[in-house]
Asker: 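The structure follows.
Just so we're on the same page: letters track the sequence lines, and every chain starts at 1.
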2 protein chains.
Amino acid sequence: MTIRHQPDRAVPSKDLIDAVRAFNRFYTRQIGLLDEGLLKSTFSLTEARVLYELAHRDGLTATDLGRDLGLDAGYVSRLLKKFERLHLISRATLASDARQSSIALTPAGRNAFAPLNKDSHDQVAALLDRLPTSEQDRLVKSMRTVQRLLDENAEPKIPYLLRPLQVGDIGWITRRQGMLYAQDYGWDETYEALVAEILAAFVKSYDPKWERSWVAEREGEVVGSVFVVRKSDQVAKLRLLYVEPSARGLGIGKRLVEECIGFARARGYKTLTLWTNDILTAARHIYQAAGFRLTEEEPHHSFGKDLVGQNWDLDL
Amino acid sequence: MTIRHQPDRAVPSKDLIDAVRAFNRFYTRQIGLLDEGLLKSTFSLTEARVLYELAHRDGLTATDLGRDLGLDAGYVSRLLKKFERLHLISRATLASDARQSSIALTPAGRNAFAPLNKDSHDQVAALLDRLPTSEQDRLVKSMRTVQRLLDENAEPKIPYLLRPLQVGDIGWITRRQGMLYAQDYGWDETYEALVAEILAAFVKSYDPKWERSWVAEREGEVVGSVFVVRKSDQVAKLRLLYVEPSARGLGIGKRLVEECIGFARARGYKTLTLWTNDILTAARHIYQAAGFRLTEEEPHHSFGKDLVGQNWDLDL
DNA sequence: ATCATTTACTTGACTAAGTCAACCAATTTA
DNA sequence: TAAATTGGTTGACTTAGTCAAGTAAATGAT
């Protein structure tokens, strides 16, 4: 099932639409170029696509193939008949439904598919080989992004994972927090600078025994983070909790806070404290649910706005 | 002409190749879905593609169309004949070559194309509309990246532009510098922290009269930056020059340094100074060419490495 | 339990879409 | 100036795919 937040929708701008259309035209051509290479084989393009599916997925039925590849049922039927005549596939009537059968490649089918597969592989390899490795990575990353955004069924198997800070993270976290709060609350660039300062200080004075960072990663992208720093022997401070809008609803915020609490307990701190602003309601709910209590409120003028700062404490 | 650096090439890994192939299969299907919607019109898909080209580009010849859309010459010839019979296009024999003619849509042709164009536009709009705006932007950005990387002819019209710092930049610059120097020279996370610290300080104490930032943007992405800060009435300091590997060779580094020098002169500084490390040879060449002179060298241990720091000065 | 409907697949009849080779005329190259 | 190349056209052809009708099995409604 797909769970997806849908904040701030608006009519897509003409520029965006045109860019997508330009990409569609471009990629139509691109696929055409790649397919040309496969045309020399005895199989048509569609036949090759069918063979690919059969080689990579088990227990497919004729309807599955038609649906997934967008083919006419009659056409699929004929293709399969041809493959059967060539002894490339075998069909086993399903016990659950005598109309359907599970289709599998025979060894001969695998043999026939192998050179096709190799050609396609080599062609893509040649395409990639024109680029330096760093650009290859960018290409693939961008492709994955496109695919994930367009394919609603493409929810990642692992929704997210937590890991400690690594090089590049503090810049990324700085950027995203700066941009998010600028966008959502109109905060100015001094907030981003504050985040940068806090993170720089965290790294420089990092004390692994008493402090820790958690970065939430989803599909190789940072989608959230939180930090615990030492204030005193007794008191730890939770800092800079954030979750990407696109990754909200997965429980990442709650999980990050839980990790902080667990860590603070394990290290023997007596109190976990944090500072936030009253307008950040999503975060507040998480803190409340985790047992934090508001201890202090104080108006202040920061980041170009009038705000109300809050201190929250949790007894460990 | 395409100028492109080709550092560190290697055989593309199987994972990358498979990811690209998966994307190709995915997008084949995606295009198929989008095209289904256009099938109800009187024109075939290819006819629609031809009309699109004709509507958007002037002075096309039959060969141009065949080449750009990957179509058989005979087929193009027939398509055009059909369009001519329907009075959708007109042909004007070229003065320069009596065999060729320049093809243009007639008003009737534009009329016939309009609903097709609208359908395609609306369909893409509907596709985008399923996503929140922030994700729409990500999608389009990723598509542009894919297109630019695969299409060697797709050099951007504007190679790059310079602008002052905006929200999100200091995080991005921090990240990229941290990652680049980690990758190329093995520097540890304290370098990234240092960049974050410097940039945070820059923003917090920014004095517009005496200080300035330049961010180089290419295709909407940050590909370089540099900062000038005030050391004293007489001395300005150039800091944190960097250019993305993918954007090198465009003269961005040189340009950024020139901007710094011009600014420092205009503000009446007497000296522009900078600190760098001897291993950063590309940067050094730029400084030398701009007239900077090495004034001091000093070994130091930073970022987990033994380095040789250098001070360079330019008399303004 | 039974009848109507839906689903999975098949088949015949068809055509749109595209290919291939041969050809002509204009242009370029040797 | 002859030979080769390029731009475009045409006839003959195939292939890839569509559409509608039909069968048998499964499902749903009564």
Asker: I need the NZ-P distance between A:Lys81 and D:dA16, as an integer number of Å.
Answerer: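 Whole-Å distance recorded here is 16 Å.
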
Asker: Less than 3.5 Å between a donor and an acceptor, one on the side chain of B:Arg99 and one on the base of D:dT9, is that the case here?
Answerer: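 No.
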
Asker: Given that A:Ser96 and A:Tyr75 both sit by DNA chain D, which one's nearest nucleotide is further toward the 5' end?
Answerer: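 Nearer the 5' end of the strand: A:Tyr75.
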
Asker: Are B:Arg57 and B:Asp64 ion-paired here, with the side-chain N under 4.0 Å from a carboxylate O?
Answerer: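 Salt bridge between B:Arg57 and B:Asp64, a charged N being under 4.0 Å from a carboxylate O: no.
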
Asker: Taking the side chain of A:Thr46 as its heavy atoms from C-beta onward, which of C:dA17, D:dG17, C:dA26 lies nearest to it?
Answerer: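 So the side chain of A:Thr46 is nearest to D:dG17.
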
Asker: Rounded to the nearest Å, what distance is computed from the CG atom of residue A:Leu79 to the C1' atom of nucleotide D:dA16?
Answerer: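 So the CG-C1' distance, A:Leu79 to D:dA16, works out to 9 Å.
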
Asker: Measure the distance from CG on A:Leu80 to P on C:dT11 and round it to the nearest whole Å.
Answerer: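 Value for this atom pair: 12 Å.
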
Asker: Over how many whole Å does the gap from B:Leu45 atom CG to C:dA17 atom P extend?
Answerer: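 Spelled out: CG on B:Leu45 to P on C:dA17 is 9 Å.
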
Asker: Within the structure shown, what part of the strands sits under 4.0 Å from B:Ala73 by heavy-atom distance: base, sugar-phosphate, or nothing?
Answerer: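 The residue B:Ala73 makes base contact.
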
Asker: Using a heavy-atom cut-off of 4.0 Å across all strands, would you classify B:Asp72 as base, sugar-phosphate, or nothing?
Answerer: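 Answer is base: heavy atoms of B:Asp72 come under 4.0 Å of a base.
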
Asker: Between A:Lys82 (NZ) and D:dT14 (C1'), how many Å, whole number?
Answerer: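 Spelled out: NZ on A:Lys82 to C1' on D:dT14 is 13 Å.
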
Asker: With a 4.0 Å cut-off on heavy atoms, is B:Arg91 in touch with a base, just the backbone sugar-phosphate, or nothing at all?
Answerer: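 Result for B:Arg91 = sugar-phosphate.
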
Asker: Give, for atom CE of B:Met143 and atom CZ of A:Phe23, the distance between the pair rounded to the nearest 0.5 Å.
Answerer: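 These two atoms lie 5.0 Å from each other.
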
Asker: On DNA chain D, compare the nucleotides closest to A:Gly74 and A:Ser44; which residue's is nearer the 5' end?
Answerer: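 Its nearest nucleotide being more 5', the pick is A:Ser44.
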
Asker: Nearest whole angstrom, please: distance from the P of C:dA8 to the CG of A:Leu65.
Answerer: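 One finds 13 Å between P of C:dA8 and CG of A:Leu65, rounded.
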
Asker: Whole angstroms only, please: what is the CZ-P distance between A:Phe43 and D:dT15?
Answerer: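 It is 14 Å, rounded to the nearest whole Å.
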
Asker: Reckon A:Thr93 touches a base, only the sugar-phosphate, or nothing at all at heavy-atom distances under 4.0 Å?
Answerer: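 It contacts nothing in the nucleic acid.
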
Asker: Salt bridge check, B:Lys141 against B:Glu221: does any charged N sit closer than 4.0 Å to a carboxylate O?
Answerer: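 Between B:Lys141 and B:Glu221 there is no salt bridge, as every charged N stays at least 4.0 Å from the carboxylate O atoms.
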
Asker: Can you tell me whether the side chain of B:Arg78 and the base of D:dG11 have a donor-acceptor pair closer than 3.5 Å?
Answerer: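 Yes, the side chain and the base share a sub-3.5 Å donor-acceptor pair.
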
Asker: Taking A:Leu116's backbone N and O only, do any of them form a donor-acceptor pair with A:Ser120's side chain (distance below 3.5 Å, no angle check)?
Answerer: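 Not at all, since once roles are kept as given, no pair shorter than 3.5 Å links the two residues.
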
Asker: Of all the nucleotides listed (C:dA17, D:dA25, C:dT10), which has the minimum atom distance to the side chain of A:Ala98?
Answerer: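 The closest nucleotide is D:dA25.
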
Asker: Classify the ring geometry of B:His56 against B:Tyr52: parallel below 30°, tilted from 30° to 60°, perpendicular beyond 60°.
Answerer: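 The rings of B:His56 and B:Tyr52 lie parallel, inter-plane angle below 30°.
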
Asker: In whole Å, I'd like the distance from the CG atom of B:Asp35 to the P atom of D:dA16.
Answerer: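 So the CG-P distance, B:Asp35 to D:dA16, works out to 19 Å.
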
